[in-house]
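To start, the structure under review is shown below, and the notes come after it.
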Amino acid sequence: HRKHSRVQLEVVMAVKVLGVCGSTREGSRTKILVETALAAAVESGAEARVLDLREVQLPIFETRREDVWELPPVTKIVEWAEWADAFILGTPEYHGGISGALKNWMDYLYDELSGKLCGVVSASGGGGGTVSILATKQSFAYCHGFNLPFHAGTRGSDFEGGKLISEKVRDRLVRLGHDVVRYAPVLRKTFKEARELGRDDPRSGFAGFHA
C-alpha cells in the first residue's frame with residue numbers, strides 16, 4: 001500500500017501597499033517618486049494602489065462636523081487606509097514642512113495607520129526634502145505607526161523634462177519599495193498578536209490601546 005502524506009499548504013497573502021501622493025500639483029514630481037517606489041514594491045510581490053490627493057478632494061478636517069465621515073472622499077481614504085498593510089507616503093516640501101494635503105489626510109486617520117510601516121519620499125526645490133520627511137515620519141509615528149530608518153529626498157536638479165534622472169535617487173526609491181514589503185508583514189503580525197492580549201493587559205504594549 002502506498003502511504004499518502006497530507007501536505008498542509010500555507011496561503012501567503014500579498015502585502016498590500018498604499019502609495020499616497022501629498023502633492024496637488026499637476027505633473028507632480030512627488031507622484032513620480034511614489035510610483036517608482038511602488039513599482040519596486042510590486043516587483044517584490046506586493047499588491048499596490050495609488051491615492052492621489054489631487055484627485056480626492058478632502059475637506060479640511062473638522063472634529064465638530066459629525067457628518068464628515070459619510071462624505072465619499074472621506075469614506076474612500078479610510079477604507080483604503082484600512083486595506084493597506086503598509087504605506088509609501090510622498091510629500092513636497094512647503095515652507096520647510098509637510099504638505100497640507102498629506103497632513104490633512106493623516107488627520108482623518110489613526111487606528112488605520114497604527115502598527116503599520118511606511119516609507120517616506122519627498123520632492124523639494126533645493127533642500128533635499130529632509131525637513132518635510134522628518135515631519136511626515138513624526139506624524140506617522142504619533143499614529144503609532146513605524147517608519148523605515150531611511151528615506152528618499154530629491155531636489156529640482158534630480159529631474160529633467162518631467163522625468164527623474166538621478167540614478168542615486170532611483171536606487172534609494174527601489175530599496176525603499178522592497179524594504180516596505182520585506183518588513184511590513186513582520187510588524188503587522190507582531191502588532192496583531194500583541195493587540196489580541198487586550199487593552200487591559202500591559203503586556204500588549206501600545207497595541208493594546210487599539211484593541
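Remember, it's a predicted structure, so these values are computed and weren't measured experimentally.
A donor-acceptor pair is defined here as one N or O able to donate and one able to accept, closer than 3.5 Å; such a pair exists between the side chain of Lys137 and the backbone of Leu148. Here the side chain of Glu112 pairs no donor or acceptor atom with the backbone of Glu79 at under 3.5 angstrom. The closest donor-acceptor contact from the side chain of Thr190 to the backbone of Leu187 lies at 3.5 Å or more, if one exists at all. Formation of a donor-acceptor pair under 3.5 Å by the Thr30 side chain with backbone atoms of Cys21 is not found in this model. Proximity of a side-chain donor or acceptor of Lys163 to a complementary backbone N or O of Phe159 within less than 3.5 Å is not detected. The closest donor-acceptor contact from the side chain of Asp158 to the backbone of Ser166 lies at 3.5 Å or more, if one exists at all. Although no hydrogens or angles enter the test, the distance criterion places a donor-acceptor pair under 3.5 Å between the side chain of Ser204 and the main chain of Asp201. The main-chain N or O of Ala41 is never found under 3.5 Å from a side-chain atom of Ser44 such that the two would form a donor-acceptor pair. For the pair Arg195 (side chain) and His210 (backbone), a donor-acceptor distance under 3.5 Å is absent.
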Original post:
Does the side chain to side chain contact (heavy atoms under 4.5 Å, CB included) test come out yes or no for Asp85 and Lys116, once each step is laid out?
Top reply: CA-CA 6 Å; Asp85 296 311; Lys116 299 180 181 181; 5.7 Å; no
**OP:** In sequence, state the C-alpha distance, the side-chain angles, and the governing distance for His144 and Phe191, and then conclude on ring-ring contact (aromatic ring centres under 6.0 Å, His included).
**Re:** CA-CA 10 Å; His144 291 165; Phe191 178 81; 8.5 Å; no
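The aromatic rings of Tyr108 and Phe61 lie perpendicular to each other, with more than 60° between the two planes, well past the 30° mark.
Taking both residues in full, the closest heavy atoms of Ala123 and Thr154 are given as CA-OG1, 3.2 Å, listed atom of the first, atom of the second, then distance. Between Leu113 and Cys143, the shortest heavy-atom contact is CD1-SG, 3.9 Å. The two residues Val74 and Pro59 make their nearest non-hydrogen contact at CG2-CD, 4.3 Å.
Under a hydrophobic-cluster definition in which Ile, Leu, Val, Met, Phe, Trp and Tyr are linked whenever side-chain heavy atoms come within less than 4.5 Å, directly or via other members, Val20 and Ile98 are assigned to the same cluster. Residues Trp69 and Leu71 share a hydrophobic cluster, clusters being chains of Ile/Leu/Val/Met/Phe/Trp/Tyr side chains in contact below 4.5 Å. Linking Ile, Leu, Val, Met, Phe, Trp and Tyr whenever their side-chain heavy atoms come within less than 4.5 Å puts Leu38 and Val169 in one cluster. By the rule that hydrophobic residues join a cluster once side-chain heavy atoms approach within less than 4.5 Å of another member, Val181 and Leu33 end up as members of one cluster. Note on Val50 and Leu53: separate hydrophobic clusters, where clusters join Ile, Leu, Val, Met, Phe, Trp and Tyr whose side-chain heavy atoms are under 4.5 Å apart, directly or indirectly.
A salt bridge is absent between Asp52 and Arg54; no separation between the charged side-chain nitrogens and carboxylate oxygens falls under 4.0 Å. Under a 4.0 Å N-O distance rule, the pair Lys189/Glu193 qualifies as a salt bridge. The pair Lys103-Asp107 counts as a salt bridge, with a side-chain nitrogen and a carboxylate oxygen less than 4.0 angstrom apart. Under a 4.0 Å N-O distance rule, the pair Asp179/Arg182 qualifies as a salt bridge.
Remark: Lys76 qualifies as a cation-pi partner of Trp80 under the 6.0 Å distance and 45° angle criteria applied to the six-membered ring.
Residues Glu93 and Val131 have side chains in contact (heavy-atom distance under 4.5 Å, counting atoms from C-beta outward).
Looking at Ser122 and Ser132, their side chains do bring a donor and an acceptor atom within 3.5 Å of each other.
Within 6.0 Å of atom CD in Glu62, more than 12 heavy atoms from other residues, nucleotides or ligands are found, so the atom counts as buried in its surroundings. Other residues, nucleotides and ligands place more than 12 heavy atoms under 6.0 Å from the CZ atom of Phe150. No more than 12 heavy-atom neighbours from other residues, nucleotides or ligands sit within 6.0 angstrom of CZ on Phe209.
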